[in-house]
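Shown next, in structure tokens, is the structure this report addresses.
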Amino acid sequence: MSTATAASRAEYCVIACAEAWRGSGEVLASPMGLIPSFGARLAKRTFSPDLLLTDGEALLVGLDGEAEGWLPYRRHLTMVTGGRRHVMMGASQIDRFGNQNISCIGDWARPARQLLGVRGAPVNTLNNPVSYWVPKHSPRVFVERVDMVSGVGYDRAEAAGVTRFHRLPRVVSDLGVFDFTGPDHSMRLASLHPGVTVEQVRAATGFDLALDSADGEAVAYTREPTAGELRLIREVIDPKGLRDREVRV
């Protein structure tokens with residue numbers, strides 16, 4: 001595939017995920033999902049060479065996926081509880097302050113749908129930076145109030161006084177990039193992917209997003225991938241084009 005071809009929406013999403021690890025130094029990147037995994041691998045190959053990648057279980061791996069070292073569970077826990085890990089998780093629901101739900105939809109006592117369960121989301125969010133990836137932005141995901149808190153948002157972390165390592169750098173969706181620099185650490189629209197409008201994002205979000213201006217004119221666009229980054233994505237990291245199955249635009 002020629003790198004002269006314009007970048008796809010999926011490739012902008014890979015770039016946006018990769019940027020979550022820019023300047024991170026030697027931390028453990030824990031991407032959960034296809035696009036985040038491609039983003040972490042791209043970041044390590046380019047602007048964040050000190051990132052540590054894992055096979056998701058017990059090994060540190062190199063750029064080619066070959067094992068470079070053992071990561072015993074006790075050491076993994078040490079990194080998790082000391083801010084030396086940056087996770088990018090999914091979210092079945094997320095609210096304006098970054099509270100995330102991957103456990104159930106509906107009343108906890110009698111849910112309409114059972115999901116993954118809380119898993120490690122509370123520990124992740126209270127002990128190391130956590131970003132989120134949402135492949136299909138909709139009001140069912142970006143909600144006013146999550147049905148159950150799995151990952152802890154800014155309002156709850158501050159109320160509980162557990163903010164030492166709590167940080168939510170960004171949310172990436174198929175429509176744009178979001179951070180929590182709005183009033184009281186509320187979600188802000190940081191950038192739009194090319195071809196997306198502020199009106200589209202607002203219509204797909206179940207709460208009022210913070211913007212840099214009332215009319216949204218100041219919203220930036222997600223940065224374009226360089227020719228070198230596109231070559232890496234298309235020829236090295238994802239030559240089978242799996243990214244376009246997750247983001248179909």
Side-chain angles (χ1 to χ4, degrees), residues 1-56 60-68 85-91 128-137 167-179 181 188-197 200-201 218-249:
M1 186 183 295
S2 171
T3 55
T5 306
S8 67
R9 180 76 61 80
E11 288 164 343
Y12 276 99
C13 291
V14 172
I15 288 294
C17 288
E19 286 288 343
W21 287 284
R22 182 181 286 275
S24 294
E26 193 177 43
V27 303
L28 186 65
S30 294
M32 300 178 185
L34 194 66
I35 296 285
S37 294
F38 293 159
R41 289 163 60 188
L42 180 65
K44 183 172 176 63
R45 284 183 178 273
T46 54
F47 48 75
S48 293
D50 293 330
L51 276 183
L52 301 177
L53 303 179
T54 80
D55 65 349
L60 294 172
V61 298
L63 290 172
D64 57 1
E66 292 295 317
E68 290 189 337
R85 178 180 182 235
H86 185 165
V87 183
M88 183 169 282
M89 301 177 63
N128 48 242
V130 173
S131 294
Y132 292 106
W133 160 243
V134 178
K136 191 171 182 179
H137 193 127
R167 186 165 67 90
L168 307 177
R170 64 174 47 198
V171 178
V172 180
S173 81
D174 60 331
L175 298 184
V177 181
F178 309 83
D179 59 27
T181 61
R188 178 187 73 105
L189 175 57
S191 74
L192 296 165
H193 299 326
V196 180
T197 66
Q200 282 178 280
V201 174
V219 178
Y221 284 102
T222 305
R223 78 164 179 87
E224 291 186 14
T226 66
E229 289 170 335
L230 280 179
R231 183 191 65 79
L232 285 171
I233 293 170
R234 295 172 179 180
E235 299 176 13
V236 179
I237 295 172
D238 182 29
K240 295 181 179 180
L242 298 177
R243 60 195 178 276
D244 293 316
R245 298 181 187 179
E246 190 163 20
V247 180
R248 298 176 181 272
V249 178

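Residue indices begin at 1 and follow the sequence shown. Predicted, not measured: the structure shown is a model, and the values here were computed from it.
P129 and R85 get closest at one heavy-atom pair: CD-O, 3.1 Å. The two residues V196 and V201 come nearest to each other via the heavy atoms CG1-CG2, 3.8 Å. Smallest separation of non-hydrogen atoms from T226 and E229: N-OE1, 2.9 Å. The shortest non-hydrogen separation linking L51 to A40 is CD1-O, 4.0 Å. What you find for S48 and G23 is that their closest heavy atoms are OG-N, 3.5 Å.
Residues that satisfy the side chain to side chain donor-acceptor pair (under 3.5 Å) test with S191, not counting sequence neighbours, are T222. In terms of the side chain to side chain donor-acceptor pair (under 3.5 Å) criterion, W21 has no residue partners (sequence neighbours excluded). Residues passing the side chain to side chain donor-acceptor pair (under 3.5 Å) test with T181, sequence neighbours excluded: D179, R188. Qualifying side chain to side chain donor-acceptor pair (under 3.5 Å) partners for H86, counting only residues two or more places apart in sequence or in other chains: S131.
Pairs passing the ring pair (Phe, Tyr, Trp, His ring centres under 6.0 Å) check and including a residue from residues 30-52, sequence neighbours excluded, do not occur.
Annotation for E224: atom CD does not count as buried by contact number, only 12 or fewer foreign heavy atoms lying within 6.0 Å.
Taking the side chain as every heavy atom from C-beta outward, R231 and V236 approach each other to under 4.5 Å. With contacts defined as side-chain heavy-atom distances shorter than 4.5 Å, the pair V171/V177 does not qualify.
Within the model, atoms CG of L28 and CG of L52 stand 6.0 Å from one another, a figure rounded to the nearest 0.5 Å. Note that the CG atom of L63 and the NZ atom of K44 stand 5.5 Å from one another [nearest 0.5 Å]. Atoms CH2 and CG, on W133 and L34 in that order, are 9.5 Å from each other to the nearest 0.5 Å. The line from NZ of K136 to CG of L175 is 11.0 Å long, rounded to the nearest 0.5 Å. With rounding to the nearest 0.5 angstrom, the CZ atom of R41 is 8.0 Å from the CG atom of D238.
Looking only at distances, a side-chain donor or acceptor of E246 sits under 3.5 Å from a matching main-chain atom of I35. Although no hydrogens or angles enter the test, the distance criterion places a donor-acceptor pair under 3.5 Å between the side chain of R9 and the main chain of D174. In this structure, the side chain of S37 engages the main chain of G33 through a donor-acceptor pair within 3.5 Å. In this structure, the side chain of H193 engages the main chain of S173 through a donor-acceptor pair within 3.5 Å. Under a 3.5 Å cut-off, the side chain of R248 and the backbone N or O of R245 do form a donor-acceptor pair.
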Table please: side-chain donor-acceptor pairs of residues 12-19 below 3.5 Å, with sequence neighbours left out.
{"residue": "E19", "atom": "OE1", "partner": "R22", "partner atom": "NE", "Å": "2.7"}
{"residue": "E19", "atom": "OE2", "partner": "R22", "partner atom": "NE", "Å": "3.4"}
{"residue": "E19", "atom": "OE2", "partner": "R22", "partner atom": "NH2", "Å": "2.9"}
{"residue": "E19", "atom": "OE2", "partner": "R223", "partner atom": "NE", "Å": "2.6"}
{"residue": "E19", "atom": "OE2", "partner": "R223", "partner atom": "NH2", "Å": "3.0"}

Kindly indicate, with the supporting measurements, whether the criterion side chain to side chain contact (heavy atoms under 4.5 Å, CB included) is fulfilled by E11 and R234. CA-CA 9 Å; E11 288 164 343; R234 295 172 179 180; 2.8 Å; yes

